[in-house]
Amino acid sequence: MQSLPEPGQAKVVDHDSELIAGLLAGSRRALAKAITLVESTRAEHRQRAQKLLDTLLPHTGRSMRVGISGVPGVGKSTFIEALGMYLIEGGHRVAVLAVDPSSTVHGGSILGDKTRMELLSQRTEAFIRPSPSSGSLGGVAEHTREALLLCEASGYDIIIVETVGVGQSETAVAAMTDAFVLLMLPNAGDDLQAIKKGIMELADLVVFNKADIDPTAAQLAAAQMRSALSMLHPASANWQPPVLTLSAIRKDGLVEFWLVIEKLRRTLTASGEFEAKRRHQALAWMWQQIDAGLRGHFRENPAVRAALAELSVSVESGATTPAAAAQRLLMLAKRTF
Ligand code: GDP
């Protein structure tokens with residue numbers, strides 16, 4: 001039997017149906033409001049956000065999702081602005097989202113704020129949203145993924161998710177996009193760093209920016225990267241990650257860049273890998289949500305809370321093994337799950 005609506009619920013639903021209509025009609029204001037709702041941690045807002053996402057799900061999935069990563073100063077905002085303007089000229093609608101782990105740690109943000117991409121932000125065909133500034137990296141990535149779906153429902157056919165080369169943010173962004181691009185500088189030595197950190201394996205495309213400064217150095221860096229990449233096992237038998245050079249500031253190489261992204265989409269769509277990757281990403285996302293939910297239940301469990309401090313001390317002092325303490329806490333949680 002269906003339960004009766006709580007007092008006030010009908011009003012909330014009405015309010016959200018307006019929001020949904022606005023968002024579907026392409027209103028940037030409605031989209032911004034909806035994203036604020038999904039970023040909220042208040043239980044009541046979370047519920048509304050989930051309903052909103054459920055309703056909008058049939059309208060999602062029709063964009064090309066591109067992840068762009070690179071260290072601060074490599075030229076991400078210059079590149080994204082130039083690319084965004086180029087794509088808008090071609091009739092696209094472009095949304096730019098960010099995953100910035102630094103914004104969650106000290107409130108400040110490596111990716112900066114509204115002053116970036118000034119030209120692009122003035123265009124009605126563009127939507128730019130900075131990184132959510134609260135929660136763990138997992139929380140930020142979750143909200144960005146939900147924001148991405150909202151942007152798709154609002155008619156943006158190209159979504160760019162930008163991140164910095166710190167922490168696990170690259171893995172998180174690669175897990176929510178169709179193409180993951182690594183932006184680098186010739187001569188910076190960060191190629192070695194990326195190889196060490198396992199970031200190279202995530203890249204579908206590597207781009208050396210600022211090729212205008214020293215074109216020969218950029219070509220050399222690209223050649224070295226090609227040979228380094230050829231030694232890695234590619235994620236797809238049908239796609240060996242290409243290496244490009246460009247100059248974001250001179251808007252040189254943007255056309256070639258986008259041709260490669262389109263080729264990637266065509267190639268992986270033909271082989272079935274494009275859809276397979278999205279299906280895999282959706283399942284992985286579900287499991288991450290389950291893991292996070294279970295961890296939350298566990299930490300909030302009264303029996304666990306009562307025993308946790310003492311057991312932690314006991315593990316630190318070596319009186320109890322970590323495995324025994326974990327077992328004990330899991331048993332306590334299980335009894336009341
Ligand atoms: P982000 O921190 O990765 O977003 O980097 P920015 O886009 O803010 O760029 C950092 C600096 O590099 C700025 O002063 C840009 O003007 C400059 N820059 C970006 N792209 C290029 C380029 O292609 N060539 C040159 N010479 N400078 C660039």
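When reading the values below, keep in mind they use all heavy atoms of this one structure, side chains included, and skip hydrogens, waters and symmetry mates. First listed ligand is number 1; within each ligand, the first listed atom is number 1.
- The shortest side-chain heavy-atom distance between Q240 and L229 falls under the 4.5 Å cut-off.
- Closest heavy-atom contact between S169 and V99: CB-CG1, 4.1 Å.
- Closest to atom 7 (O) of ligand 1 among all protein heavy atoms lies T78 OG1, 2.5 Å.
- In the vicinity of S247, heavy-atom distances shorter than 4.0 Å reach the ligand 1 atoms 23 (O).
- When distances from atom 21 (C) of ligand 1 to the protein are checked, a heavy atom turns up under 4.0 Å.
- Taking both residues in full, the closest heavy atoms of H45 and S40 are given as ND1-OG, 2.7 Å, listed atom of the first, atom of the second, then distance.
- Every N/O-N/O distance between R250 and ligand 1 stays at or above 3.5 Å.
- Classification of D204 and K277 as a salt-bridged pair holds, one side-chain N sitting under 4.0 Å from a carboxylate O.
- We find that E81 and K76 are not joined by a salt bridge, their nearest charged nitrogen and carboxylate oxygen being 4.0 Å or further apart.
- For atom 23 (O) of ligand 1, the closest heavy atom belonging to the protein is A248 N, 2.9 Å.
- Ligand 1 has an N or O atom lying under 3.5 Å from an N or O atom of G75, backbone or side chain.
- Annotation: atom 16 (O) of ligand 1 to nearest protein heavy atom, I249 CD1, 3.4 Å.
- Of the protein's heavy atoms, S77 OG, 3.3 Å lies nearest to atom 8 (O) of ligand 1.
- Counting only heavy atoms of the protein, atom 10 (C) of ligand 1 lies nearest to G73 O, 3.6 Å.
- By the 4.0 Å N-to-carboxylate-O rule, R295 lies too far from E300 to be salt-bridged with it.
- Between F127 and Y156, the two ring planes are tilted [angle within 30° to 60°].
- Residue contact check: V71 has heavy atoms under 4.0 Å from atoms 3 (O) of ligand 1.
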Show your working on salt bridge (charged side-chain N to carboxylate O under 4.0 Å, His left out) between E44 and K51 and close with a plain yes or no. CA-CA 11 Å; E44 173 226 346; K51 271 202 187 130; over 6 Å; no
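- Less than 4.0 angstrom separates some heavy atom of I213 from each of these atoms of ligand 1: 26 (N).
- The nearest heavy-atom contact from the protein to atom 24 (N) of ligand 1 is D212 OD1, 2.7 Å.
- Using a 4.0 Å cut-off between charged nitrogen and carboxylate oxygen, E142 and R46 count as a salt-bridge pair.
- Scanning all protein heavy atoms for the shortest distance to atom 18 (N) of ligand 1 gives K210 CE, 3.6 Å.
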